[in-house]
Amino acid sequence: MTASAPASASANAYLNAPDPEGPLDVVPVGGRIGAEVRGVRLGADLDDATLAAVRAALVRHKVLFFRDQGHLDDVGHEAFGKRFGTPVAHPTVPSRGGDFLLELDSQLGGRANHWHTDVTFVDGYPFASILRAVTIPPAGGDTVWANTAAAYQNLPEELRLLADRLRAIHTNAYDYATVRPEANERELALHRHIFASTVYEAEHPLVRVHPESGERSLLLGAFLKRIVGLSASESQRIYDILQGYVIRLENTVRWRWKEGDVVIWDNRATQHYAIDDYGDQHRVVRRVTLDGETPVGVDGRPSRQILPEPVAFQEAAE
């Protein structure tokens with residue numbers, strides 16, 4: 001097999017790349033992913049130049065961390081989301097109060113401790129998510145993000161060529177008990193009756209081309225049901241191999257939350273995992289997701305919606 005580029009070369013290319021963020025104070029957190037942005041007060045009144053610089057930093061670093069954003073309430077959170085993109089409600093989970101704000105409350109089953117990219121069971125899934133820490137336990141409850149573009153870059157050439165050709169079905173009606181074996185009956189019921197109340201399926205390329213950077217990244221995660229043309233067991237074997245590259249520690253960054261933190265991530269080039277290590281302590285985070293483009297594969301073919309029927313899906317969205 002042809003070896004991929006050395007890991008150190010990938011890290012150095014990331015850290016030494018030309019700075020597109022202009023006057024922003026951006027401090028990398030991980031060697032391949034994640035940066036803290038200092039001195040920016042997020043809100044709907046953020047000036048256009050700073051907003052553009054934050055967008056450029058997001059594309060480069062994949063995840064941006066902002067401390068001390070306690071001035072943002074639910075209304076301000078949604079208003080900032082509208083400045084950064086076009087907020088969209090979750091297809092099945094009800095919003096909290098406002099039109100688009102999704103609350104993840106640990107006492108109500110909001111524990112997403114599995115590797116995933118948000119809402120990949122629709123064809124044009126969100127381009128970014130803006131997550132705000134409301135209640136954080138004294139210890140535990142960190143979130144980890146993985147760089148799916150770095151994972152692709154570090155595949156051996158033969159695996160890259162294989163992945164470039166494959167497409168996969170993603171669904172919200174996955175086996176939740178398998179993904180979260182520790183889930184209790186209440187959480188299982190919430191998944192069945194709310195999260196999977198309407199079954200969605202979308203077909204995506206296994207490798208998508210980023211519409212802004214041109215980078216190729218692996219499109220996998222817990223919502224992947226099977227690879228087109230392969231059996232369930234064959235799909236699982238290939239998934240395990242490729243996903244193993246995504247979640248290598250070298251491709252990840254871990255964030256220790258403080259109340260008032262805001263994190264923005266590029267949902268087109270990342271996966272994330274909320275660590276469920278805080279027991280009965282209370283954890284609440286709230287999220288605004290932003291409408292995304294329909295992914296396009298290496299061959300130029302776009303993703304497509306399978307379920308609900310595309311016409312019905314469009315009617316539901318209007």
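- Side-chain contact of Gln236 with Ser233: a donor-acceptor pair under 3.5 Å is absent, judged by distance alone.
- Arg32 and Asn147 form no side-chain donor-acceptor contact under 3.5 Å, judged by distance and modelled atom types alone.
- Ring centroids of His204 and Tyr125 are separated by less than 6.0 Å, placing the two rings close together.
- More than 12 heavy atoms of other shown residues, nucleotides or ligands fall within 6.0 angstrom of atom CZ in Arg256.
- Note on Val88: it does not cluster hydrophobically with Tyr200, by side-chain heavy-atom contacts below 4.5 Å among ILVMFWY residues.
- Side chains of Leu42 and Val40 form a contact here, defined as non-hydrogen atoms less than 4.5 Å apart.
- Judged by distance alone, the side chain of Asn154 and the main-chain N or O of Ala150 form a donor-acceptor pair under 3.5 Å.
- A salt bridge links Arg83 to Asp48: one of the charged nitrogens lies within less than 4.0 Å of a carboxylate oxygen.
- Here the straight-line distance linking atom CZ of Arg237 with atom CG of Asp240 works out to 10.0 Å at 0.5 Å rounding.
- When Gln281, Arg283, Gln107, Glu259 are each tested for a side-chain contact (heavy atoms from CB on, under 4.5 Å) with Thr135, only one passes: Glu259.
- Residues Asp266 and His61 bring no donor and acceptor atom of their side chains to less than 3.5 Å of each other.
- Under the 4.5 Å side-chain heavy-atom criterion for ILVMFWY residues, a single connected hydrophobic cluster contains both Leu155 and Ile241.
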*Please walk me through it: do Asp164 and Tyr152 pass side-chain hydrogen bond (donor to acceptor under 3.5 Å, both in side chains)?*
CA-CA 10 Å; Asp164 285 346; Tyr152 175 84; 2.8 Å; yes
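- Rounding to the nearest 0.5 angstrom, the gap separating the CZ atom in Arg132 from the CD atom in Glu78 is 9.5 Å.
- Checking side-chain atoms of Ser213 against main-chain N and O of His210 turns up no donor-acceptor pair under 3.5 Å.
- Within the 4.5 Å cutoff, the side chain of Thr117 has no heavy atoms near those of the Thr270 side chain.
- Shown here for Leu218 and Ala163, the closest heavy-atom pair between the two residues is CD2-CB, 4.2 Å.
- Taking the side chain as every heavy atom from C-beta outward, Phe121 and Pro91 approach each other to under 4.5 Å.
- Here the closest heavy-atom approach between residue Leu224 and residue Ala168 is recorded as CD1-CB, 3.6 Å.
- The list of side-chain hydrogen bond (donor to acceptor under 3.5 Å, both in side chains) pairs with a residue in residues 284-293, not counting sequence neighbours, reads Asp74-Arg286, Glu103-Arg286, Asp118-Arg287, Arg268-Glu293.
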*Please report the C-alpha distance between Leu51 and Val54 in whole Å, then the side-chain angles of each, then the deciding distance to 0.1 Å, and finally whether the side-chain contact (heavy atoms from CB on, under 4.5 Å) criterion is met.*
CA-CA 5 Å; Leu51 198 68; Val54 170; 5.5 Å; no
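- Looking at heavy atoms from C-beta onward, Phe84 lies in side-chain contact with Leu290 at the 4.5 angstrom threshold.
- Under the 4.5 Å side-chain heavy-atom criterion for ILVMFWY residues, no single connected hydrophobic cluster contains both Val59 and Ile33.
- Scanning all heavy atoms of the two residues, the minimum distance from Pro156 to Tyr245 falls at CD-OH, 3.3 Å.
- The same ILVMFWY cluster, assembled from side-chain heavy atoms under 4.5 Å apart, contains both Trp115 and Ile275.
- Ring to ring, Trp265 and His272 are close: their centroids are under 6.0 angstrom apart.
- Residues Val228 and Ile169 are in side-chain contact: their nearest non-hydrogen atoms beyond the backbone lie under 4.5 Å apart.
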*Check step by step if salt bridge (Lys or Arg N to Asp or Glu O under 4.0 Å) holds for Arg304 and Glu201.*
CA-CA 9 Å; Arg304 66 186 183 95; Glu201 286 191 358; over 6 Å; no
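- Between Leu64 and Phe66, the closest heavy-atom pair is CB-CE1, 3.6 Å.
- Taking both residues in full, the closest heavy atoms of Thr294 and Pro302 are given as CG2-CB, 4.0 Å, listed atom of the first, atom of the second, then distance.
- For Asp47, the CG atom counts as densely surrounded, since its 6.0 Å shell holds more than 12 non-hydrogen atoms of other residues, nucleotides or ligands.
- The backbone N or O of Leu46 lies less than 3.5 Å from no partner atom in the side chain of Thr50, so there is not a single donor-acceptor pair.
- Each of Lys225, Arg167, Gln305, His170 was checked for a side chain to side chain donor-acceptor pair (under 3.5 Å) with Glu203, and the lone residue meeting it is Arg167.
- In Asp73, the CG atom is crowded: over 12 heavy atoms of neighbouring residues, nucleotides or ligands sit closer than 6.0 Å.
- Ion pair Glu158/Arg160 not flagged as a salt bridge, since none of the NZ, NE, NH1 or NH2 atoms sits closer than 4.0 Å to an Asp/Glu carboxylate oxygen.
- Among residues two or more places apart in sequence or in another chain, the salt bridge (Lys or Arg N to Asp or Glu O under 4.0 Å) test is passed with Arg67 by Asp261.
- Residues Val119 and Phe223 share a closest heavy-atom pair of N-CE1, 3.7 Å.
- Residues Leu131 and Val262 are not in side-chain contact: their nearest non-hydrogen atoms beyond the backbone lie 4.5 Å or more apart.
- Taking the six-membered ring for Trp and the full ring otherwise, the centers of Phe65 and Trp145 sit less than 6.0 Å from each other.
- Taken to the nearest 0.5 Å, the OG atom of Ser235 stands 4.5 Å off from the CD1 atom of Ile227.
- The CD1 atom of Ile238 lies 6.0 Å from the CG atom of Leu166; values are rounded to the nearest 0.5 Å.
- Here Val284 is tied into one hydrophobic group with Val134, each link being a pair of ILVMFWY side chains closer than 4.5 Å.
- Side-chain contact between His77 and Ile130: present, with at least one pair of heavy atoms (C-beta onward) separated by less than 4.5 Å.
- The shortest side-chain heavy-atom distance between Asp25 and Val37 does not fall under the 4.5 Å cut-off.
- The distance from the OG1 atom of Thr148 to the CG atom of Asn267 is 9.0 Å, given to the nearest 0.5 Å.
- Linking Ile, Leu, Val, Met, Phe, Trp and Tyr residues whenever their side-chain heavy atoms come within less than 4.5 Å places Leu159 and Tyr239 in a single cluster.
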*List the steps, then state whether salt bridge (Lys or Arg N to Asp or Glu O under 4.0 Å) holds for Arg55 with Glu212.*
CA-CA 10 Å; Arg55 179 69 175 252; Glu212 296 183 59; 2.8 Å; yes
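- Thr120 contributes atom OG1, which lies 9.0 Å from atom NE2 of His116 (distance to the nearest 0.5 angstrom).
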